[in-house]
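First up is the structure itself, then whatever we jot down about it.
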Amino acid sequence: METPKPLESNLISKLTKLATQKRIEYWDIRVAFSSGTLLEFTNGKNKEISYSNIKGTGIRAFVNGGWGFSVKQNISDSSIIEGLNEAIKLAHYAERYSKFKFKIREYDLIRDKYTTKLKTPLKDVDIEQKIDFTLQIEKDAHDFDPRVINTNSLYTDGIINSLLINSFGSSIEQFTSILRIFSIVYAKENGNLQGNFESIGGVGGYELTKKADKIGIKSAKKAIKLLSAKPVKGGKFTVIMDPKLTGVFIHEAFGHACEADLVIAKESILEEKLGEKVASENISIIDDPTPSNLSLFGSYKFDDEGIAAKPVQLVENGDLKTYLHDLESASRMNVSPNGHGRASSYSSKPQARMGVTYLKEHDWKLNEMIEDTKNGVLCENWKYGYTNPATGNFQFKTRNCYKIENGEKTELMRDVGLSGLILEILNRVSAIGNKVEFSDGICGKGGQRIRNCTGGPYLRIEDVVMGGLQ
Amino acid sequence: MTINNNFPKENNVLFNRGKFGLRITEKFDKVKCSEIYIQKTECFAIGLEKNSIKDCNKSESCGFSVRVFDKRGSLGFAYANDISRKIIEKTINNAVKMMKAGPPNDEFKDLPFTKKSNSKITGIYDKNIKDLEFERPFDLIKDMIKTSSEDSQVVTQSGDFSSLYTYYYVFNSNGIEISSEETAASLTSSILVKNNRKNETGNGFHWQIERKYKDLDAIEVVNKTLQMAKMNLNRIKIETMNVPLVLTPKGVISLILNPIASAINAETFQYNRSFLVGKLNQKIGSDLLNIEDNGLINGAVGSSEFDAEGVPCQNKKIFENGVFLSLLHNSFTAGKDNVESTGNAQRNSFSSTPNIGSTNLFFNPGDCKMQELFEDIKIGILLDYTGDSPNIATGDFSGLILNGNVIRNGEIQESLNETMIGINLLDLFNRIEKVSNKLEGYGSKNAPYVKISNVQISGSK
């Protein structure tokens with residue numbers, strides 16, 4: 001696959017001259033080439049086997065509170081110059097009508113190159129091998145139990161070669177390799193139909209498939225288990241969330257409210273709460289997208305504005321410490337950017353986004369937590385969840401739950417929804433588990449879908465409103 | 001069909017490159033049938049944040065995708081956003097490689113054959129959108145800012161204007177050769193209001209999508225958003241109860257039309273993932289449940305002459321007097337069921353294979369005046385918006401009411417906090433008691449107010 005070449009210095013001087021002449025205060029150009037494979041099988045049959053090849057550039061210009069953005073497919077020098085001209089024109093239009101005037105704060109230029117650490121490059125693996133691997137997941141799920149009535153297995157991988165340059169003089173080349181696998185299984189018994197889905201993903205090479213070795217069996221096993229689950233009766237309970245649910249809960253209910261662009265737009269309940277107590281004493285929440293040997297799906301070395309990723313402590317011992325920033329929000333709030341300006345691709349503008357968000361572990365073991373609970377519910381995994389960041393109202397659908405009666409796990413239940421107000425509920429945490437686990441996901445905001453990780457330990461919360469069908 | 005020679009020259013490049021691609025696919029012995037979808041889009045958007053213009057964005061894209069099938073039914077698919085001859089050839093080679101490597105699918109019959117459309121759809125293209133001057137939509141955004149600024153309860157508004165021009169061709173080896181030139185423009189608004197006396201905030205949103213620029217009404221969009229946001233103030237917690245429920249058109253779309261659109265998708269249905277499986281031609285709802293999918297309305301957002309595979313769009317009755325009559329098909333699911341495609345193949349862009357979607361979905365109006373819907377309700381619930389969606393496999397729904405109110409003695413009163421609703425959709429369909437005589441449209445979905453006789457509501461009081 002092609003790789004974007006660093007722009008020639010005489011093109012950069014042309015762009016700089018153009019921007020200066022037109023009173024542009026900041027500009028950046030992102031060029032990317034990407035290619036990928038998607039394999040999808042259902043009931044053992046070929047649904048889609050595809051190969052993609054996409055390239056293009058996204059060009060931003062900024063002046064005094066107004067942004068212009070232009071997307072071009074053609075990445076020739078003349079097209080880039082035309083794109084910058086267009087972005088400049090649009091920025092001036094936006095500036096003319098914009099009420100809020102501010103500057104983008106300059107930071108030190110970065111010139112760097114980063115390549116995903118991996119063992120087996122995706123291009124070294126034949127399509128036949130990827131197909132066999134995915135079909136095995138299909139077979140594992142289908143053969144698990146005669147009550148399995150529909151299986152769906154997906155394999156998707158991609159490589160992105162990108163280049164970012166900006167008016168500070170930064171120039172960053174990144175090579176990113178990602179992979180994700182899904183297994184969706186439906187099971188039916190006596191008219192009762194239940195579905196389950198499992199996914200595994202990461203930033204790395206084909207070696208990541210090892211993590212998904214038994215994903216078909218795991219997914220089918222859970223779908224079958226759900227057949228015997230009973231619908232739940234609503235009420236107020238002590239709830240223990242498993243690491244998957246804790247992670248997504250922290251992401252949806254708290255993480256989004258930490259995104260500084262929402263804070264500036266007055267759409268976050270955490271506005272003007274910096275330094276205040278927002279959660280129980282032992283709660284610490286961190287977003288750390290720095291690449292590690294865990295190859296986490298939400299990790300990256302530099303964000304899409306060329307700022308290096310680093311651990312960002314959002315909450316420390318219950319106090320709100322900072323927000324997640326992109327270049328604009330950091331400038332407007334007069335702080336340093338912290339590496340969270342992310343875009344779904346070259347064709348979208350960076351926004352303040354999460355990367356790898358997790359709640360830090362403490363000292364409880366799961367069995368102690370259960371034994372210590374008189375009347376409660378242990379909730380595992382999630383189907384979906386959402387929060388209104390302006391009011392803090394949240395709702396989560398869990399995959400399955402167990403009743404806890406006098407310190408013992410009893411009946412299995414399904415279709416349980418948890419709801420409440422985020423600032424109230426984080427103050428009712430009564431136990432934090434001793435081990436963090438991570439899950440991968442895709443997060444949507446403003447029409448952009450980006451890769452993400454959430455994590456946390458088992459977490460016990462008192463007095464949670466649970467809704468069900470009865 | 002014949003190509004209109006008035007199209008811009010550039011579009012003839014699309015035509016020529018599409019034809020070029022199709023000819024290449026036909027050179028491969030192993031390819032039983034093939035299809036080229038080639039598309040050009042142009043978008044323009046203005047973003048609104050904190051009731052002020054923040055950014056202007058313009059993007060263009062042009063790309064194509066190829067589907068090739070062999071005799072075993074194996075599908076190879078590939079796409080690229082470069083329509084140079086070199087890349088077209090390379091991409092087709094990749095698709096053929098994928099096809100050869102894939103496992104068979106005996107459920108695949110064939111790609112569609114040429115079929116004449118009986119209707120000529122007009123009003124889906126507006127030159128004012130295609131040739132939109134940057135300056136023009138600022139007036140709409142300025143109207144949005146002005147209208148919301150005049151209201152003292154407004155804390156902030158965000159939203160956007162966006163316009164889209166699409167031009168595409170579909171060619172297949174069975175003789176299909178169609179093209180369509182379409183436009184759409186939209187306004188969205190999301191407003192936060194505050195009741196200073198109670199230090200309480202409420203929010204609302206509204207949107208409008210039209211084929212023609214002149215149909216956009218910024219003031220109306222903001223007024224509707226404001227109305228929703230203000231109704232979200234004065235929130236109370238209520239007790240658990242079993243009471244009548246009135247769904248607003250937005251509520252009908254999220255609780256009835258969207259779930260039905262998913263449940264009648266023939267693919268979901270064939271894989272037994274729909275709660276409507278086994279219920280075709282049965283009466284499963286009240287006489288007032290009348291739903292149709294009509295892709296042939298002039299000027300409507302969901303209309304077009306042909307679907308994304310080149311099959312003519314249709315008008316279909318989905319529910320009539322509560323009887324479930326029809327599914328939505330593309331050519332693959334139709335072939336599997338040995339029926340004709342209903343013309344519901346859709347593509348988000350050249351980068352996706354044709355999936356199935358509704359065109360213009362209508363919950364048909366009843367004969368009830370608005371006042372009559374509410375008048376005999378002593379205590380009940382009005383539901384405008386929930387972020388939850390039903391489980392399509394089982395029809396079970398349990399959700400949090402984000403925007404909803406208490407109805408007392410026929411009057412809409414306080415807004416709800418921490419209130420959940422739970423019901424199976426089949427029960428909901430049977431309990432439809434009254435339907436208003438007026439519809440409201442949100443893009444391609446159109447719905448009236450609907451009264452459900454009784455529903456379980458879980459309060460937190």
Side-chain angles (χ1 to χ4, degrees), chain A residues 41-56 66-73 86 89-91 93-94 97-100 127-128 131 135 149-150 186 188 193-195 231 234 236 264-267 347 349 386 388 390-391 393 395 397 415 417 419-420 465 467-470, chain B residues 46 49-62 73-82 87 91 94-95 97-99 101-105 107 134-135 138 141-142 155-156 158 192 201 203 271-273 351 353 387-388 391 393-394 396 398-400 402 418 420 422 424 458 460:
Chain A
F41 303 112
T42 186
N43 292 348
K45 294 183 164 72
N46 174 358
K47 183 139 189 274
E48 178 176 337
I49 301 183
S50 74
Y51 183 81
S52 64
N53 216 329
I54 297 291
K55 64 168 174 35
W67 285 101
F69 183 54
S70 167
V71 178
K72 300 270 175 202
Q73 269 177 215
E86 203 164 73
K89 190 175 156 195
L90 293 169
Y93 270 117
Y97 298 108
S98 132
K99 212 164 54 188
F100 302 103
I127 185 73
E128 285 81 4
I131 289 174
L135 280 173
I149 57 151
N150 178 234
Y186 284 81
K188 193 174 185 177
L193 180 64
Q194 296 296 328
K236 260 189 189 175
I264 288 174
K266 294 193 164 296
E267 288 169 13
S347 61
K349 293 177 304 256
Y386 60 83
N388 180 337
T391 60
N393 241 306
Q395 157 86 339
K397 278 294 162 65
D415 292 316
S419 72
V465 176
L469 279 174
Q470 293 178 346
Chain B
I46 303 172
E49 182 184 281
K50 232 171 151 181
N51 228 1
S52 166
I53 285 168
K54 185 183 167 186
D55 52 24
C56 300
N57 314 290
K58 189 174 181 292
S59 69
E60 52 183 46
S61 123
C62 182
S74 173
L75 162 66
F77 180 70
Y79 61 90
N81 68 345
D82 181 336
I87 296 291
T91 306
N94 273 321
K97 190 175 146 199
M98 298 284 164
M99 174 194 81
N105 188 343
E107 286 163 352
F134 291 166
E135 191 82 25
F138 280 94
I141 294 283
K142 281 193 274 183
V155 178
T156 185
S158 61
L192 194 68
T201 56
N203 59 355
Y271 294 137
N272 280 312
R273 293 184 202 154
S351 63
T353 53
D388 292 276
N391 181 339
T394 59
D396 287 340
S398 80
L400 176 69
L402 285 178
E418 286 191 74
M420 316 266 295
N424 186 282
S458 310
S460 61

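- For chain A, the option among B:Asn81, B:Asn105, B:Leu75 with the highest count of heavy-atom pairs below 4.5 Å is B:Asn81.
- For A:Leu135, the part lying under 4.5 angstrom from a heavy atom of chain B is the side chain only.
- The closest side-chain donor-acceptor pair between B:Asn57 and A:Lys349 falls under 3.5 angstrom.
- The most heavy-atom pairs under 4.5 Å with chain A, out of B:Gly76, B:Ser61, B:Ala95, come from B:Ser61.
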Fill in: Audit row: B:Ile46, B:Ile53, side chain to side chain contact (heavy atoms under 4.5 Å, CB included) steps and yes/no
CA-CA 7 Å; B:Ile46 303 172; B:Ile53 285 168; 4.1 Å; yes

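- The contact between A:Lys47 and chain B is made by backbone and side chain atoms together, counting heavy-atom distances below 4.5 Å.
- When all heavy atoms are compared, the tightest approach of B:Ile87 to B:Ala80 is CG2-CB, 3.7 Å.
- The distance from atom CG of B:Asp55 to atom CD of B:Glu49, rounded to the nearest 0.5 Å, is 8.0 Å.
- Contact of B:Asn272 with chain A is made through backbone and side chain together, with heavy-atom distances under 4.5 Å.
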Worksheet entry | Test side chain to side chain contact (heavy atoms under 4.5 Å, CB included) applied to B:Phe138 and B:Cys56, step by step | CA-CA 10 Å; B:Phe138 280 94; B:Cys56 300; 3.5 Å; yes

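- With a threshold of 4.5 angstrom between heavy atoms, B:Pro103 approaches chain A through its backbone and through its side chain.
- A:Ile131 touches chain B through its side chain: at least one heavy atom from C-beta onward sits under 4.5 Å away, while N, CA, C and O do not.
- Heavy atoms of A:Tyr93 lying under 4.5 Å from chain B belong to its backbone as well as its side chain.
- Geometric assessment of B:Lys50 against the ring of A:Phe100 yields a positive cation-pi assignment under the 6.0 Å and 45° thresholds.
- Your options are A:Gln395, A:Lys397, A:Glu86, and the one with the most heavy-atom pairs under 4.5 Å with chain B is A:Gln395.
- The two residues A:Asn46 and B:Gly102 come nearest to each other via the heavy atoms ND2-CA, 4.2 Å.
- Between atom OG1 of residue B:Thr156 and atom CD of residue A:Glu267 there is a gap of 6.0 Å, rounded to the nearest 0.5 Å.
- Interface check for chain A: of the options B:Lys97, B:Met99, B:Glu418, B:Glu60, the most heavy-atom pairs under 4.5 Å are formed by B:Glu60.
- Of the listed residues A:Ile149, A:Thr42, A:Asn43, A:Val465, the one with more heavy-atom pairs under 4.5 angstrom with chain B than any other is A:Thr42.
- Contact of B:Tyr271 with chain A is made through backbone and side chain together, with heavy-atom distances under 4.5 Å.
- With a 4.5 angstrom heavy-atom cutoff, A:Ser52 touches chain B via backbone and side-chain atoms both.
- With a threshold of 4.5 angstrom between heavy atoms, B:Leu402 approaches chain A through side-chain atoms but not through N, CA, C or O.
- Listed options B:Gly73, B:Ser351, B:Ser158 were ranked by heavy-atom pairs under 4.5 angstrom with chain A; first place goes to B:Ser158.
- The two residues A:Leu193 and B:Arg273 make their nearest non-hydrogen contact at CD2-CA, 4.0 Å.
- Between the CG atom of B:Asn94 and the CD1 atom of A:Ile49 there is a distance of 12.5 Å, given to the nearest 0.5 Å.
- Of all heavy-atom pairs spanning B:Thr91 and B:Tyr79, the tightest one is CG2-N, 3.7 Å.
- For A:Ile127, the part sitting under 4.5 Å from any heavy atom of chain B is the side chain, from C-beta outward, and nothing else.
- Using a 4.5 Å cut-off between heavy atoms, B:Ser74 contacts chain A through both its backbone and its side chain.
- Using a 4.5 Å cut-off between heavy atoms, A:Tyr97 contacts chain B through both its backbone and its side chain.
- B:Asp388 touches chain A through backbone and side chain together, each having a heavy atom under 4.5 Å away.
- What you find for A:Phe69 and A:Ser347 is that their closest heavy atoms are CE2-O, 3.5 Å.
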